[in-house]
Amino acid sequence: MLELTDLSVHYGNVAAVDSVSVTVAEGEIVAIIGSNGAGKTSTLRALSGLVKPSGGRVMFRGTDISRWRPHRIVALGLSHAPEGRRLFPQMTVLENLRMGAYRRRDRDGVARTLGEVLERFPRLAERRHQLAGTLSGGEQQMLTIGRALMSGPAMLILDEPSFGLAPVLLVEQNARMALAVAGRAYVMETGRIVLSGSAAMLRESPHVKAAYLGG
């Protein structure tokens with residue numbers, strides 16, 4: 001479903017991501033783990049069109065989206081729940097959720113998705129008329145993921161989430177949680193993929209244990 005090939009992202013002369021290759025198949029949960037500054041968020045920003053890759057290619061559902069703008073990528077079925085939430089604080093929970101469906105024209109489908117999101121996150125249903133900026137941190141995280149689901153995505157990418165959903169490409173500092181949820185994972189350090197494999201294999205890796213699992 002998703003294939004990154006030699007993806008690079010530069011900010012001026014600084015290489016945030018350096019020749020990263022990642023794949024996510026239909027139905028998989030895949031994690032990218034690494035410390036702050038490893039390049040995880042920049043990788044996701046390149047996937048969703050928020051930054052332009054300086055090299056490499058992003059293929060999604062057989063289409064090269066490397067130079068696409070974010071709204072076209074969302075319309076193709078790739079939805080991004082970003083780090084830092086990026087909600088509209090002066091809008092209500094319902095208004096934020098409906099913003100996630102701004103590209104959709106199927107009113108009945110949007111209504112069904114809204115019902116599914118509120119069922120998945122009952123706290124959002126309770127707070128539906130509350131301003132997003134007044135929610136707790138955990139509630140704002142639920143709203144961020146709910147808003148991403150409102151586009152009806154074929155694939156969801158989550159940056160530092162509290163929940164695991166499938167299929168997803170998950171970026172997470174909490175390696176123990178990420179490797180418990182994911183089927184496969186990549187370890188990223190200083191803009192590069194340094195290890196990859198099944199989550200079970202990485203849990204037993206001496207490098208991962210020493211650097212991320214405290215063992």
Side-chain angles (χ1 to χ4, degrees), residues 2 9 11 16 29-34 36-52 60 65 68-174 177-178 181-182:
L2 177 71
V9 176
Y11 300 109
I29 299 175
V30 176
I32 299 175
I33 62 175
N36 271 336
K40 307 184 304 299
T41 291
S42 292
T43 299
L44 296 195
R45 286 172 62 82
L47 294 187
S48 56
L50 297 173
V51 298
K52 299 301 180 188
F60 179 61
I65 62 170
W68 282 28
R69 299 189 65 178
H71 68 278
R72 293 186 65 201
I73 293 173
V74 171
L76 191 61
L78 183 62
S79 189
H80 182 184
E83 181 184 32
R85 304 185 183 114
R86 307 296 177 90
L87 298 171
F88 300 99
Q90 298 303 315
M91 295 170 63
T92 67
V93 167
L94 279 178
E95 288 168 337
N96 270 272
L97 289 173
R98 286 173 177 143
M99 285 297 293
Y102 78 100
R103 291 283 300 176
R104 296 178 62 175
R105 298 293 178 264
D106 56 326
R107 289 189 176 185
D108 291 343
V110 169
R112 282 193 300 271
T113 303
L114 179 60
E116 291 166 0
V117 168
L118 293 178
E119 183 178 359
R120 185 184 296 273
F121 299 114
R123 184 56 63 88
L124 297 184
E126 296 171 9
R127 304 279 195 267
R128 67 181 72 193
H129 300 301
Q130 188 169 325
L131 295 181
T134 66
L135 299 176
S136 71
E139 290 165 349
Q140 289 187 13
Q141 186 64 47
M142 294 178 200
L143 181 53
T144 300
I145 296 172
R147 184 180 61 184
L149 289 170
M150 284 299 298
S151 67
M155 179 175 175
L156 184 62
I157 55 177
L158 306 178
D159 196 345
E160 302 288 358
S162 299
F163 307 95
L165 302 170
V168 301
L169 175 61
L170 166 68
V171 154
E172 179 58 65
Q173 285 190 69
N174 186 334
M177 183 275 282
V181 170

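In this text the structure is predicted, and so the values were computed from the model without any measurement.
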Closest non-hydrogen atom pair between Gly146 and Val117, with its separation: CA-CG1, 3.7 Å

Residue pair Phe60 / Ile73, side-chain heavy-atom distance below 4.5 Å: no

Side-chain donor or acceptor of Thr134 paired with backbone N/O of Leu131 under 3.5 Å: yes

Minimum heavy-atom distance between Phe88 and Ala132, given as atom pair plus value: O-CB, 3.6 Å

Residues Glu126, Arg123; criterion salt bridge (Lys or Arg N to Asp or Glu O under 4.0 Å); working and verdict: CA-CA 5 Å; Glu126 296 171 9; Arg123 184 56 63 88; 3.3 Å; yes

Rounded distance (nearest 0.5 Å) linking atom CZ of Arg127 with atom CD of Glu139: 4.5 Å

Check: Arg103 side chain, Gly100 main-chain N or O, donor-acceptor pair, under 3.5 Å: no

Contacts of type salt bridge (Lys or Arg N to Asp or Glu O under 4.0 Å), residue Glu116, not counting sequence neighbours: none

Validation row: Val171, Thr43 side chains within 4.5 angstrom (heavy atoms): no

Val181 versus Ile29, closest heavy-atom pair with distance: CG1-CG2, 4.0 Å

Residue pair Leu156 / Leu149: nearest heavy atoms and the distance that separates them: CD2-CD2, 3.9 Å

Pairwise distance CG(Leu44) to NE2(His80) - rounded to 0.5 angstrom: 5.0 Å

Sidechain-backbone polar pair: Arg104 side chain, Met150 backbone, donor-acceptor under 3.5 Å: yes

Backbone N/O of Ile32 and side chain of Lys40: donor-acceptor pair under 3.5 Å: no

Taking every non-hydrogen atom, the tightest pair across Met177 and Glu172: CE-OE1, 3.4 Å

Nearest-0.5 Å distance that lies between atom CG in Leu124 and atom CD1 in Ile145: 9.5 Å

Nearest heavy-atom neighbours spanning Arg105 and Tyr102: NH1-O, 2.9 Å

Non-hydrogen side-chain atoms of Leu78 and Ile157 separated by less than 4.5 Å: yes

Test log, rule side chain to side chain contact (heavy atoms under 4.5 Å, CB included), inputs Leu97 and Leu118: CA-CA 10 Å; Leu97 289 173; Leu118 293 178; 3.9 Å; yes

Inter-residue atom distance Trp68.CH2 - Leu76.CG, 0.5 Å rounding: 5.0 Å

Residue from Arg98, Arg86, Met142 passing side-chain contact (heavy atoms from CB on, under 4.5 Å) with Arg147: Arg86

Lys52 side chain vs Val9 backbone, donor-acceptor pair below 3.5 Å: no

Non-hydrogen side-chain atoms of Arg128 and Thr92 separated by less than 4.5 Å: no

Euclidean distance, Asn96 CG relative to Gln90 CD, rounded to 0.5 Å: 10.5 Å

Rounded distance (nearest 0.5 Å) linking atom CD of Gln140 with atom OG1 of Thr144: 7.0 Å

